[in-house]
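This report concerns only the one structure given below.
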Amino acid sequence: MAKTILITGASSGIGKATAKLFQENGWNVVATMRTPDKETELTGLDNVLVIRLDVTDPASIATAVGAGIEAFGRIDALVNNAGYGAFGPLEVATMEKIRRQFDTNVIGLLEVTKALLPHFRANRDGVIVNISSIGGRIAFPLGSLYHGTKYAVEGISEALSYEMAATGVKVKVVEPGAIATDFAGRSFDFTNDESMTEYQPVVQGVFTTFENILGEAAPASLVAEVIHTAVTDGTDQLRYAAGADAEQMLAARASQDDAAFMGGIRAQMGLD
Ligand SMILES: NC(=O)c1ccc[n+]([C@@H]2O[C@H](COP(=O)([O-])OP(=O)(O)OC[C@H]3O[C@@H](n4cnc5c(N)ncnc54)[C@H](OP(=O)(O)O)[C@@H]3O)[C@@H](O)[C@H]2O)c1
């Protein structure tokens with residue numbers, strides 16, 4: 001029997017590429033998104049259910065999970081992909097911006113996961129893939145909010161992997177580097193206040209570095225392949241880097257102490 005995967009944020013980028021890859025590999029796909037009415041590509045594919053799910057709307061989570069189980073009999077894997085990046089000096093960020101970032105990237109992920117846990121536990125089977133980032137293990141300046149959420153995803157996932165062991169459910173974390181999606185477009189929530197002059201050199205340094213990094217971005221299909229491996233390899237491996245830049249950055253982080261690594265970031269961004 002074909003297996004079924006539920007993906008959040010399947011309207012674009014990594015989520016959409018993952019939906020397409022699993023569908024091509026014979027899976028049933030519950031492709032969830034905030035505005036399914038706008039979707040044209042996934043709706044035409046066999047064995048794909050396109051349905052509304054906003055990770056900040058609990059009723060939509062319950063409805064989408066129920067509809068997925070109803071349509072395909074069971075759900076075997078979950079990809080918590082929905083997310084975006086709030087950046088900028090913390091002093092400038094409104095509490096609304098702070099709450100929205102954590103509500104989406106952290107609370108939303110927890111709520112979708114909780115919605116599927118009873119099903120996975122009853123089946124004694126299931127794989128949860130949480131999309132973190134190299135930014136879940138390395139922090140850049142002006143990313144206190146985004147990195148706060150992705151470091152949270154890492155801790156949540158690592159802790160959860162222990163408690164899931166007794167249920168037969170596996171937890172995986174995928175850590176992409178720079179990926180060519182709309183992350184730098186509509187998913188980049190940047191705020192600044194130029195009158196706060198102390199922060200402007202770091203704003204400049206970050207923008208220059210991000211432009212360079214994103215110029216080398218890998219395609220979303222690469223992350224989809226890594227997610228496919230994480231879901232299907234049957235191992236207890238927790239973390240999967242996605243992209244050559246991710247592997248290189250994570251290796252550099254692991255081999256250096258805080259002072260050396262952070263000194264390198266400061267030098268790269270011209271902050272010394
Ligand atoms: N691109 C990168 O370089 C990169 C690197 C590391 C990690 N990531 C992570 O990869 C994930 C996907 O991002 P992407 O790069 O594929 O960017 P993207 O193309 O902009 O996709 C972001 C997705 O998240 C969805 N989303 C945002 N808020 C949501 C909510 N409240 N409920 C449901 N869906 C919501 C968006 O839906 P709408 O269409 O409704 O806006 C969209 O489908 C994110 O978690 C991001 O942090 C990306």
Side-chain angles (χ1 to χ4, degrees), residues 1-10 14-15 18-19 21-22 25-32 47 49 51 53-83 102-133 136-137 149-176 223-242:
M1 197 174 103
K3 291 192 166 188
T4 302
I5 190 163
L6 186 146
I7 303 165
T8 64
I14 293 167
T18 304
L21 182 72
F22 276 82
N25 280 277
W27 284 62
N28 304 314
V29 179
V30 186
T32 75
N47 306 319
L49 173 67
I51 189 160
L53 188 161
D54 179 334
V55 299
T56 64
D57 174 357
S60 77
I61 297 171
T63 302
V65 168
I69 295 169
E70 170 87 18
F72 300 120
R74 63 181 255 166
I75 293 172
D76 302 282
L78 161 67
V79 182
N80 281 310
N81 164 74
F102 280 82
D103 279 349
T104 305
N105 291 12
V106 181
I107 308 295
L109 173 146
L110 288 169
E111 193 137 16
V112 176
T113 302
K114 271 179 66 66
L116 273 157
L117 284 182
H119 183 69
F120 285 165
R121 190 164 55 82
N123 293 343
R124 295 200 56 76
D125 192 25
V127 183
I128 299 165
V129 180
N130 292 331
I131 307 304
S132 174
S133 167
R137 303 180 77 196
T149 66
K150 292 301 186 183
Y151 273 64
V153 168
E154 295 276 343
I156 288 163
S157 306
E158 189 168 321
L160 197 58
S161 71
Y162 292 111
E163 79 197 52
M164 286 298 111
T167 69
V169 177
K170 294 186 190 303
V171 180
K172 310 274 180 167
V173 188
V174 170
E175 298 162 334
V223 185
E225 294 282 357
V226 174
I227 294 169
H228 190 267
T229 300
V231 169
T232 59
D233 68 5
T235 71
D236 290 324
Q237 182 179 333
L238 176 64
R239 291 187 168 90
Y240 298 72

To the nearest 0.5 Å, how far apart are [atom1] in [X] and [atom2] in [Y]?
{"X": "N105", "Y": "T56", "atom1": "CG", "atom2": "OG1", "value": "11.0 Å"}
{"X": "L110", "Y": "D103", "atom1": "CG", "atom2": "CG", "value": "11.0 Å"}
{"X": "Y151", "Y": "S133", "atom1": "OH", "atom2": "OG", "value": "9.5 Å"}
{"X": "F72", "Y": "M1", "atom1": "CZ", "atom2": "CE", "value": "10.5 Å"}
{"X": "I7", "Y": "T18", "atom1": "CD1", "atom2": "OG1", "value": "5.5 Å"}
{"X": "I69", "Y": "N123", "atom1": "CD1", "atom2": "CG", "value": "8.0 Å"}

Within the distance-only criterion (no hydrogens, no angle test), does the side chain of [X] pair as donor or acceptor with the backbone N or O of [Y] below 3.5 angstrom?
{"X": "T4", "Y": "R74", "value": "yes"}
{"X": "R121", "Y": "L116", "value": "no"}
{"X": "N81", "Y": "G9", "value": "yes"}
{"X": "T8", "Y": "A82", "value": "yes"}
{"X": "K172", "Y": "Q237", "value": "yes"}
{"X": "N130", "Y": "V173", "value": "no"}
{"X": "H228", "Y": "L21", "value": "no"}

Sequence-distant partners of [X], side chain to side chain contact (heavy atoms under 4.5 Å, CB included), two or more places apart:
{"X": "A77", "value": "I5, W27, V127, V231"}
{"X": "S60", "value": "R52, L53, D54, D57"}
{"X": "A242", "value": "V174, P176, L222, V223, V226"}

Over all atoms of both residues, closest heavy-atom pair of [X] and [Y]:
{"X": "I61", "Y": "A115", "result": "CG2-CB, 3.6 Å"}
{"X": "I51", "Y": "A67", "result": "CD1-CB, 3.4 Å"}
{"X": "G234", "Y": "K170", "result": "O-CE, 3.6 Å"}
{"X": "A2", "Y": "N28", "result": "O-ND2, 3.7 Å"}
{"X": "V171", "Y": "S157", "result": "CG1-O, 3.6 Å"}
{"X": "A230", "Y": "V129", "result": "CB-CG2, 4.5 Å"}

Would E154 and R239 pass as an ion pair if we require N to O under 4.0 Å?
yes
Compare all side-chain heavy atoms of [X] with those of [Y] and state whether any distance is below 4.5 angstrom.
{"X": "T113", "Y": "L160", "answer": "yes"}
{"X": "V55", "Y": "L109", "answer": "no"}
{"X": "I128", "Y": "L117", "answer": "yes"}

Member of T167, D76, L78 meeting the side-chain contact (heavy atoms from CB on, under 4.5 Å) criterion with F120
L78
